[in-house]
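In what follows, every heavy atom counts, from backbone to side chain, and hydrogens, waters and symmetry copies are set aside.
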Amino acid sequence: KLIIILPGETLVQGSPTGKTGIPDTHYAGESWQGTVYLTDKYWNIATDTRPYIAIETTDPQDTEPTDKQITTNGYAVFAFKFFTANQYNGTSAVIFDNKITAKSVDVVGISSYTSSSVIINPETIDHFTVENYPDTVEAGENKNITVVARDQYENVTTGDYDENSNWIGGAKQYLDTVSFETDNNHSLTTLPADYTFNTADRGIHTWLSGVRLCQAGSNFYIKVYDYNDPTIYGEKTGITVNPGPFAGFIVEPTNDVTIPAGDRQNITAQTADQFGNPLTVSGVYCEVKIITTTINPPPDPPSHQDYFFRVEYSSSDYYNTNIATATTDTDGKIGVSPIIRLYVSTTKGDRCYVRVVSSGATGSSANITTVGGPTKRFNFVGTPEATVTAGVWSESSNPFTVTRYDDYSNITETGYTYIYVKTTSDAASRGRRYRFGLDPGKKQNPIYYTPLQGIVIHRHCAYTIYIWVGVTSYNN
């Protein structure tokens, strides 16, 4: 028969078991040797025949050694390199039962032999795996997540066990800090805080209800990485987040906007869950309301106009209202057909937002602020003194200041305006034009242009004009 003697064991011929000792432990990927002896039934070395010996191991990752013939001294030495130290069972790491079996290939009647178990310990960390997190979740669900620290052979970095399977830890156990990240970028998405593994973790840690993803969509990932060495990481990819139940509306505009006085803003709303993920819930009856947050005294009260909605079925079929009503279409939307337009107030600085309400479900737009509309008139604010000195810029006293206004007497910043400046002087230069005020408040000497050339105001309210007074007294 055959017997296998591993490092840590000694052959004892003629004894009841043929050997003594406990096999040494080894690290995953470490090379070592074992000896197969041909013996009689009392475990004494036999040399009367020389069979070829085949080796089989229980390690699913190793490469088994090639067959060898027993030497004239009655044994053959084989090289081994095991890679499987343990296997994660969903909760903990279970020590893998590594054993070796030797068989005669060509001589009948020689009994095979299976070795004692060999403890293989994991190497240092190579990467993480993210476990126990589902492929599909609902937005806002709190789910458990488990992180497993693994070596390059997929063993859990539990630390070492001795030859009697007692845990002893050691330098190769993972005891560093991990951080998390995800591309699920909702403001209410939550991930575990940074965490430092301890000896009791044995390379595995679970966060109960530790992850909440709130942005609906597909192909999201959760990544865990070593805080000090981000090249050590692991990911759960391909996560699908489904929207939750209907709870509110996404109301456009979703970003703050400014609208010229008396102009309009289209209003649309989409059914959504509580995290603002779109839903296609049709047949939902809604009220659309204007919520005013800032009201200013109108500069021209008789021409003032308050906020109102215009609900348009066509250019000729519409009605005006302060509270609009609508029912969501097959896409879960309102404001598409009919169109809902908000006409803003005519007073600069007024501000509102739009709220959509349906049986407790609600949603609000961003702020909508009235600004000055298109330029309709100018006004000179302040003029030079009646008597000036020939050859002196008027900046030495009061300059001219030009302000532009819209239809509702709001000072306006909207658009660009060409300004033509003339005087009643009969001098040859009276039709010349000046470029001025490119930077508000900056004193700037005029540049002469040919008659009728314009001056551009770049989105500012008022400009200061300085006039050069001719050196001949009758051309003042």
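- In this structure, a donor-acceptor pair under 3.5 Å is present between the side chains of Thr177 and Thr196.
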Checklist entry - Would Thr114 and Thr101 satisfy side-chain hydrogen bond (donor to acceptor under 3.5 Å, both in side chains), going step by step from the backbone distance to the final call? => result CA-CA 4 Å; Thr114 299; Thr101 298; 2.9 Å; yes
Checklist entry - Given the rule in the side-chain contact (heavy atoms from CB on, under 4.5 Å) test, do Val224 and Val130 qualify, once you have shown the distances and angles that lead to the verdict? => result CA-CA 8 Å; Val224 60; Val130 178; 3.8 Å; yes
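- Dense packing is recorded around NZ of Lys1, with more than 12 heavy atoms of other residues, nucleotides or ligands lying under 6.0 Å away.
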Next on the checklist: Working note: Gln270 + Thr328, criterion side-chain contact (heavy atoms from CB on, under 4.5 Å); need CA distance, chi angles, decisive distance, verdict.
Outcome noted: CA-CA 8 Å; Gln270 170 86 55; Thr328 57; over 6 Å; no
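- Taking the ring centroids of Trp207 and Phe180, they lie under the 6.0 Å cut-off.
- For the pair Glu30 (side chain) and Lys81 (backbone), a donor-acceptor distance under 3.5 Å is absent.
- Of the N and O atoms on the side chains of Asp331 and Thr280, not one donor lies less than 3.5 Å from an acceptor on the other residue.
- Side-chain contact, Tyr408 with Gln305: no donor N or O sits under 3.5 Å from an acceptor N or O.
- Looking only at distances, a side-chain donor or acceptor of Asp162 sits under 3.5 Å from a matching main-chain atom of Asn164.
- Figure legend: Lys68 and Tyr52 shown without cation-pi pairing, the cationic atom not lying both under 6.0 angstrom from the six-membered ring centre and within 45 degrees of its axis.
- Within the 3.5 Å criterion, the main-chain N or O of Tyr285 finds a donor-acceptor partner in the side chain of Ser358.
- In this structure, a donor-acceptor pair under 3.5 Å is present between the side chains of Tyr174 and Asp226.
- Judged purely by atom type and a 3.5 angstrom limit, Asn86 has no side-chain atom pairing as donor or acceptor with the backbone of Ala93.
- Cation-pi geometry between Lys223 and Tyr233 is met: the NZ or CZ atom falls under 6.0 Å from the ring centre, inside 45° of the normal.
- Here Asp350 pairs with Asn296, Ser345 under the side chain to side chain donor-acceptor pair (under 3.5 Å) rule; sequence neighbours left out.
- The aromatic ring centroids of Tyr37 and Trp43 lie 6.0 Å or more from each other.
- Residues Thr84 and Gln61 have side chains that bring a donor and an acceptor to within less than 3.5 angstrom of each other.
- For Asp317, the side chain to side chain donor-acceptor pair (under 3.5 Å) criterion is met by no residue, not counting sequence neighbours.
- Phe80 and Phe78 have tilted rings, their planes meeting at an angle from 30° to 60° on a 0 to 90° scale.
- Outside the 6.0 Å centre-distance limit, the rings of Tyr227 and Tyr225 are not counted as a close aromatic pair.
- A donor and an acceptor atom, one from each side chain of Thr39 and Asn44, are nowhere located under 3.5 Å apart.
- Looking only at distances, a side-chain donor or acceptor of Thr412 sits under 3.5 Å from a matching main-chain atom of Gly373.
- For Glu131, the side chain to side chain donor-acceptor pair (under 3.5 Å) test picks out Thr129, Arg150, with sequence neighbours left out.
- The number of heavy atoms from other shown groups lying within 6.0 Å of OH (Tyr42) does not exceed 12.
- In this model, no donor atom of one side chain and acceptor atom of the other lie less than 3.5 Å apart for Gln152 and His127.
- For Asn277 against Ala139, the heavy-atom pair with the smallest separation is ND2-CB, 3.6 Å.
- Tyr195 OH: more than 12 foreign heavy atoms inside a 6.0 Å radius.
- Around OH of Tyr75, the count of heavy atoms belonging to other residues, nucleotides or ligands within 6.0 Å does not exceed 12.
- Judged by distance alone, with hydrogens and angles left aside, the side-chain atoms of Asn320 form no donor-acceptor pair with the main-chain N or O of Arg310 at under 3.5 Å.
- If you check the side chains of Tyr343 and Arg341, you find no donor sitting under 3.5 Å from an acceptor.
- Of the N and O atoms on the side chains of Ser116 and Glu9, at least one donor lies less than 3.5 Å from an acceptor on the other residue.
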